[in-house]
S.K.: 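One structure follows; several queries about it will come next.
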Amino acid sequence: MKKKLLITGASGFLGYHLLRVAAKDWEVYGFGNTHNIDFGDAVVLQCDITNYIALGDYFEDIEPDAVIHAAAIADGAFCQNNKAKSYEVNVEATRNLAGICCDLQIPFAFTSTDLVFDGKKGMYTEEDVKNPLSVYGEHKSIAEEETIKIYPGASVFRLPLMFGHLEASYNSYFHKFLMQLKRGEKANLFSDEYRSITGAKSISKGILNLLEKGAGVVHLGGPERLSRYEFGLKVAEMFNLPVELLVAGLQKDFKTDTPRPADVSLNIQKAISLGFAPHSVVEELKLIMSQKYC
Ligand SMILES: NC(=O)c1ccc[n+]([C@@H]2O[C@H](COP(=O)([O-])OP(=O)(O)OC[C@H]3O[C@@H](n4cnc5c(N)ncnc54)[C@H](OP(=O)(O)O)[C@@H]3O)[C@@H](O)[C@H]2O)c1
């Protein structure tokens, strides 16, 4: 009999990939909130994770053997302008979920972000000092600390910028970028903003493989440190779209209320030593194009 896995944020971008990868080995339950999803191999329920009573009821009904917490307000600009809401979802609900999982003594994985760093150094290890620049990064950083304080056996996975299945990406930069190029429109991409960009399927596999190891804070990212512009070139070449449409830009020329770190690439040696084996960007793009991705 398969064990039961509960995935919060199942209706989101990462949740799409987690559900599909997990369904091979787990009986999967997912929470969505404002979006409905239909995935035959999982039971997907509506649950606002800020409702503590509803959370408790669902845990009693489902009796999960493990939880991956991928629900978040992940829109940096929204968090910057709606601090209280961001705190409620990204910090308080995370704290509640960690507490419930600690009481039940079941594996709990919190999905965090590379944006807990200020981007001045790059290739960050798990031991490097955090210094988030944005409200979103700050709240994810607080949630990390609360999670480990409440439940020292929990896992915190710091994730990079991800791309993935086009079906899952209606809201993502990757989907928007591809659509822009397909319409023949120019795309401005930073040549001075670096991330360990990775496919969401590689990340989902990594989270699932490490979920029950309780390895504390772990960086999951791709094997390459790429600027958004370098990533764009790889995508355009792979999808046979005109690279002349890509325009390299600099962060300083872009006005925004949400501060953006320059280089939040991640050192993934700890994850690799635990068995993490992410695809390169090109390998993952090939899988997406082959329709064998999820
Ligand atoms: N995508 C990336 O490149 C990236 C990079 C680094 C880290 N991460 C982290 O990875 C995780 C997943 O991100 P994502 O890109 O998949 O985000 P996303 O596509 O914006 O999805 C967010 C998910 O959270 C759910 N959610 C939001 N508020 C909720 C609430 N009050 N109650 C219940 N569910 C709620 C949403 O449900 P509804 O849509 O149904 O309302 C949705 O399923 C997050 O922890 C994020 O910080 C993502």
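Just so it is clear, the structure is predicted and the values come from calculations on it, not from any experiment. In listed order, ligands and their atoms are each counted from 1.
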S.K.: Any atoms of ligand 1 less than 4.0 Å from a non-hydrogen atom of M162? List them with their elements.
M.R.: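 In order of number, 1 (N), 2 (C), 3 (O), 4 (C), 5 (C), 48 (C).
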
S.K.: Looking only at atom types and distance, does a side-chain atom of E237 sit under 3.5 Å from a main-chain N or O of K234, one as donor and one as acceptor?
M.R.: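 Checking the backbone N and O of K234 against the side chain of E237, no donor-acceptor pair under 3.5 Å is found.
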
S.K.: Dump the intermediate steps for salt bridge (charged side-chain N to carboxylate O under 4.0 Å, His left out) on D128 and K121, then the final yes or no.
M.R.: CA-CA 10 Å; D128 277 320; K121 171 181 171 280; 2.7 Å; yes

S.K.: Considering the heavy atoms of G9, write down every atom of ligand 1 situated less than 4.0 Å from one of them.
M.R.: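 Heavy-atom distances to G9 below 4.0 Å select 23 (C), 24 (O), 43 (O).
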
S.K.: Side chain or backbone, does K140 bring an N or O within less than 3.5 Å of an N or O on ligand 1?
M.R.: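 Among all N and O atoms of K140, at least one is under 3.5 Å from an N or O of ligand 1.
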
S.K.: To which of Y136, F163, F174 does the heavy atom nearest atom 46 (C) of ligand 1 belong?
M.R.: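 It is Y136 that holds the nearest heavy atom.
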
S.K.: Do R228 and F190 meet the cation-pi criteria used here (NZ or CZ under 6.0 Å from the six-membered ring centre, within 45° of the axis)?
M.R.: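 No, a cation-pi geometry is absent between R228 and F190.
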
S.K.: With heavy atoms of L159 as the reference, note each atom of ligand 1 found under 4.0 Å away.
M.R.: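 This gives 6 (C), 7 (C), 10 (O) as the contact atoms.
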
S.K.: Which atom names give the shortest non-hydrogen contact between V243 and A236, and what distance separates them?
M.R.: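 Distance-wise, the nearest heavy atoms are CG1-CB, 3.8 Å.
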
S.K.: Please say whether I73 places an N or O atom under 3.5 Å from an N or O atom belonging to ligand 1.
M.R.: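 It does not: no N or O of I73 is found under 3.5 Å from an N or O of ligand 1.
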
S.K.: Under 4.0 Å from a heavy atom of T111: which atoms of ligand 1 are those, numbered in the order shown and with their elements?
M.R.: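 Atoms satisfying the 4.0 Å criterion: 10 (O), 11 (C), 44 (C), 45 (O).
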
S.K.: Looking at ligand 1, does P160 have a heavy atom less than 4.0 Å from it?
M.R.: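 Yes; P160 lies near enough to ligand 1 that a heavy-atom distance drops under 4.0 Å.
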
S.K.: Kindly determine whether K85 and E88 satisfy salt bridge (charged side-chain N to carboxylate O under 4.0 Å, His left out), including the steps that lead there.
M.R.: CA-CA 5 Å; K85 188 67 195 167; E88 186 187 19; 3.1 Å; yes

S.K.: Which pair of non-hydrogen atoms, one from F13 and one from F163, has the smallest distance, and what is that distance?
M.R.: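 Heavy-atom minimum between the residues: CZ-C, 3.5 Å.
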
S.K.: Are a donor atom and an acceptor atom from the side chains of Y29 and E27 found within less than 3.5 Å of each other?
M.R.: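 Yes, E27 and Y29 have a side-chain donor paired with an acceptor closer than 3.5 Å.
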
S.K.: Does ligand 1 have any atom that is closer than 4.0 Å to a heavy atom of S112?
M.R.: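 The answer is yes, since S112 has a heavy atom less than 4.0 Å from ligand 1.
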
S.K.: Per the salt bridge (Lys or Arg N to Asp or Glu O under 4.0 Å) rule, which among R260, R195, K140, R158 passes with D114?
M.R.: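 Testing each of R260, R195, K140, R158 against D114, the sole residue satisfying salt bridge (Lys or Arg N to Asp or Glu O under 4.0 Å) is R195.
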
S.K.: H69 and T94: side-chain donor and acceptor closer than 3.5 Å?
M.R.: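 Note: H69 and T94 side chains meet the donor-acceptor criterion.
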
S.K.: What atoms in ligand 1 come closer than 4.0 Å to a heavy atom of T34?
M.R.: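 Near T34, meaning under 4.0 Å from one of its heavy atoms, ligand 1 has 38 (P), 39 (O), 40 (O), 41 (O).
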
S.K.: Counting heavy atoms only, name the option from G164, A54, S86, A70 that's nearest to atom 13 (O) of ligand 1.
M.R.: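 Nearest option to atom 13 (O) of ligand 1, by heavy atoms: A70.
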
S.K.: Quick check: A72 and ligand 1, any N/O pair under 3.5 Å apart?
M.R.: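 It does: an N or O of A72 is found under 3.5 Å from an N or O of ligand 1.
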
S.K.: Which ligand 1 atoms are under 4.0 Å away from a heavy-atom of L161?
M.R.: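 So the atoms of ligand 1 that pass are 3 (O).
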
S.K.: Return a yes/no value for G32: is any of its N or O atoms, backbone included, closer than 3.5 angstrom to an N or O of ligand 1?
M.R.: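 There is no such contact.
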
S.K.: Strictly distance-based, threshold 3.5 Å: is any side-chain N or O of E284 a donor or acceptor partner for the main-chain N or O of S202?
M.R.: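 Yes; at least one donor-acceptor contact below 3.5 Å.
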
S.K.: Please list, in number order, the atoms of ligand 1 under 4.0 Å from a heavy atom of G12.
M.R.: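 Those atoms are 16 (O), 19 (O), 21 (O), 42 (C), 43 (O).
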
S.K.: Looking only at N/O atoms, are D48 and ligand 1 under 3.5 Å apart anywhere?
M.R.: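 Between D48 and ligand 1, an N or O pair is found under 3.5 Å apart.
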
S.K.: Pick, from A71, C79, C47, the option with the minimum heavy-atom distance to atom 33 (C) of ligand 1.
M.R.: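 When every heavy atom of A71, C79, C47 is considered, C47 comes closest to atom 33 (C) of ligand 1.
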
S.K.: May I ask you to check whether F157 and H219 place their ring centers less than 6.0 Å from one another?
M.R.: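 Distance test on ring centres: not under 6.0 Å, no.
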
S.K.: Are any of the N/O atoms on R195, whether in the backbone or the side chain, positioned under 3.5 angstrom from an N/O atom of ligand 1?
M.R.: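 No, R195 has no N/O under 3.5 Å of an N/O on ligand 1.
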
S.K.: May I ask you to check if ligand 1 and V89 share an N or O to N or O distance below 3.5 Å?
M.R.: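 By distance alone, the answer is no.
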
S.K.: Determine whether the side chains of Q180 and E185 contain a donor N or O and an acceptor N or O closer than 3.5 Å.
M.R.: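 The criterion, which ignores hydrogens and geometry beyond distance, is not satisfied for E185 and Q180.
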
S.K.: Report yes if T113 has an N/O atom closer than 3.5 Å to an N/O atom of ligand 1; otherwise report no.
M.R.: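 So ligand 1 has no N or O lying under 3.5 Å from an N or O of T113.
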
